[in-house]
S.K.: 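Sending over a structure as structure tokens; questions will come in a sec.
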Amino acid sequence: MIKLSDILKAVNSTLNKACPKITIDSKDLSESFSRPSFRTELDGLKTSAFMTTFKERNFTIRIYFFNSVVGKGREERLKIIECIEDAFLGTLWITDTFVIPVDEINFDETDDGVLIASFDSLTMEQIENDVDGEMMEELEYRF
């Protein structure tokens, strides 16, 4: 079973390989942090049972990039966009056997120059259920 923390670790690891000179920070925004840096999160998580044998998860992976100088650095953000595209577009490997396909990455920019990359994800995993016997095929009843 894949944990949400495994997915976030895989995102951070992929990001670290693609942009090794930029730190990945997990501090709260109210705390001081170094620049340039990344921050990653899973957002909008929805988990549901699919046909009682699979767990389906829908969520958005968000990558925040804080450039070197607040409000400036358009060229730096463009380089990071290309870096994120190269690293994530196609497949995101969580383990040797579990991947998340990435078909589309959205890029937004805040007023103060923070780059936000996001992509929607869907995972399905087989789960244990409590149905032991055979399912009923016919039901007879009398009024």
S.K.: Please report the closest heavy-atom contact between Ser34 and Asp25, naming both atoms and the distance.
M.R.: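 Heavy-atom minimum between the residues: N-OD2, 4.1 Å.
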S.K.: What distance separates Ser118 OG from Arg62 CZ, expressed to the nearest 0.5 Å?
M.R.: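 So the gap between those two atoms works out to 5.0 Å.
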S.K.: What distance do Leu42 atom CG and Leu8 atom CG have between them, rounded to the nearest 0.5 Å?
M.R.: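 CG of Leu8 is found 5.0 Å from CG of Leu42.
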S.K.: What residues join Leu122 in its hydrophobic cluster, counting side-chain heavy atom gaps under 4.5 Å, either direct or through other members?
M.R.: none
S.K.: For the hydrophobic clusters of this structure (ILVMFWY residues joined by side-chain heavy atoms under 4.5 Å, transitively), does one cluster hold both Leu4 and Val11?
M.R.: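 Same cluster: Leu4 reaches Val11 through Ile, Leu, Val, Met, Phe, Trp or Tyr contacts under 4.5 Å.
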S.K.: Any side-chain heavy atom of Ile84 within less than 4.5 Å of one from Ile63?
M.R.: yes
S.K.: Asp43 versus Ile61: any side-chain heavy-atom pair under 4.5 Å?
M.R.: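 In short, these two side chains do not touch, never coming nearer than 4.5 Å.
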S.K.: Verify side chain to side chain contact (heavy atoms under 4.5 Å, CB included) between Ile80 and Phe38, making sure each step is shown before the conclusion.
M.R.: CA-CA 10 Å; Ile80 294 301; Phe38 288 112; 3.8 Å; yes
S.K.: Going by heavy atoms in the side chains, are Glu125 and Arg57 under 4.5 Å from each other?
M.R.: yes
S.K.: Under the salt bridge (charged side-chain N to carboxylate O under 4.0 Å, His left out) definition, can you give me all pairs with a residue in residues 79-93, not counting sequence neighbours?
M.R.: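 Qualifying pairs, neighbours excluded: Glu75-Lys79.
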S.K.: Restricting to non-hydrogen atoms, name the atom on Ser37 and the atom on Ile22 that form the minimum distance, rounded to 0.1 Å.
M.R.: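 Nearest heavy atoms, Ser37 then Ile22: CA-CG2, 3.6 Å.
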S.K.: Looking at CZ of Phe107 and CG of Leu115, how far apart are the two atoms once the value is rounded to the nearest 0.5 Å?
M.R.: 6.5 Å
S.K.: Examine Ile2 and Leu45 and state if one hydrophobic cluster contains both, with Ile, Leu, Val, Met, Phe, Trp and Tyr joined whenever side-chain heavy atoms are less than 4.5 Å apart.
M.R.: yes
S.K.: Does the ring pair (Phe, Tyr, Trp, His ring centres under 6.0 Å) test come out yes or no for Phe88 and Phe119, once each step is laid out?
M.R.: CA-CA 9 Å; Phe88 292 99; Phe119 47 96; 5.5 Å; yes
S.K.: If you measure from the Lys or Arg side-chain nitrogens to the Asp or Glu carboxylate oxygens, is any gap between Glu109 and Arg74 under 4.0 Å?
M.R.: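 Here Glu109 pairs with Arg74 in a salt bridge, since their nearest N and O are under 4.0 Å apart.
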S.K.: Identify all side-chain donor-acceptor contacts of residues 89-102 below 3.5 Å with residues at least two apart in sequence or on another chain.
M.R.:
from	atom 1	to	atom 2	distance (Å)
Thr91	OG1	Trp93	NE1	3.4
Thr95	OG1	Thr97	N	3.3
Thr95	OG1	Phe98	N	3.1

S.K.: So if I apply the side-chain contact (heavy atoms from CB on, under 4.5 Å) rule between Lys17 and each of Pro20, Cys19, Ser13, which one comes out positive?
M.R.: Ser13
S.K.: Could you list the residues that satisfy side-chain contact (heavy atoms from CB on, under 4.5 Å) with Asp120, not counting sequence neighbours?
M.R.: Thr60
S.K.: Within this structure, what is the CE-OG1 distance for the pair Met124 and Thr53, rounded to the nearest 0.5 Å?
M.R.: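 Reported to 0.5 Å precision, the distance equals 8.0 Å.
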S.K.: Taking side chain as C-beta onward, heavy atoms only, is Lys46 less than 4.5 Å from Phe59?
M.R.: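 A side-chain contact is absent here, since even the closest heavy-atom pair is not under 4.5 Å.
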S.K.: Can you find a pair of side-chain heavy atoms, one from Lys55 and one from Gln126, that are under 4.5 Å apart?
M.R.: no
S.K.: Looking at residues at least two apart in the chain, or sitting in another chain, which of them share a salt bridge (Lys or Arg N to Asp or Glu O under 4.0 Å) with Lys9?
M.R.: none
S.K.: With heavy-atom distances below 4.5 Å as the criterion, would you say the side chains of Tyr64 and Glu41 are in contact?
M.R.: yes
S.K.: How close do Glu76 and Pro36 get, counting heavy atoms only, and between which atoms?
M.R.: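 Glu76 and Pro36 have their closest heavy atoms at OE2-CB, 3.8 Å.
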S.K.: Got a sec, which residues hit side-chain contact (heavy atoms from CB on, under 4.5 Å) with Lys21, two or more places apart in sequence or on another chain?
M.R.: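 In terms of side-chain contact (heavy atoms from CB on, under 4.5 Å), with neighbours along the sequence ignored, Lys21 is linked to no residue.
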S.K.: Do Leu15 and Phe65 sit in the same hydrophobic cluster, where Ile, Leu, Val, Met, Phe, Trp and Tyr count as joined when their side-chain heavy atoms come under 4.5 Å apart?
M.R.: yes
S.K.: Identify the heavy atoms of Ala18 and Cys83 that sit nearest to each other, and give their distance.
M.R.: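 Heavy-atom minimum between the residues: O-SG, 3.3 Å.
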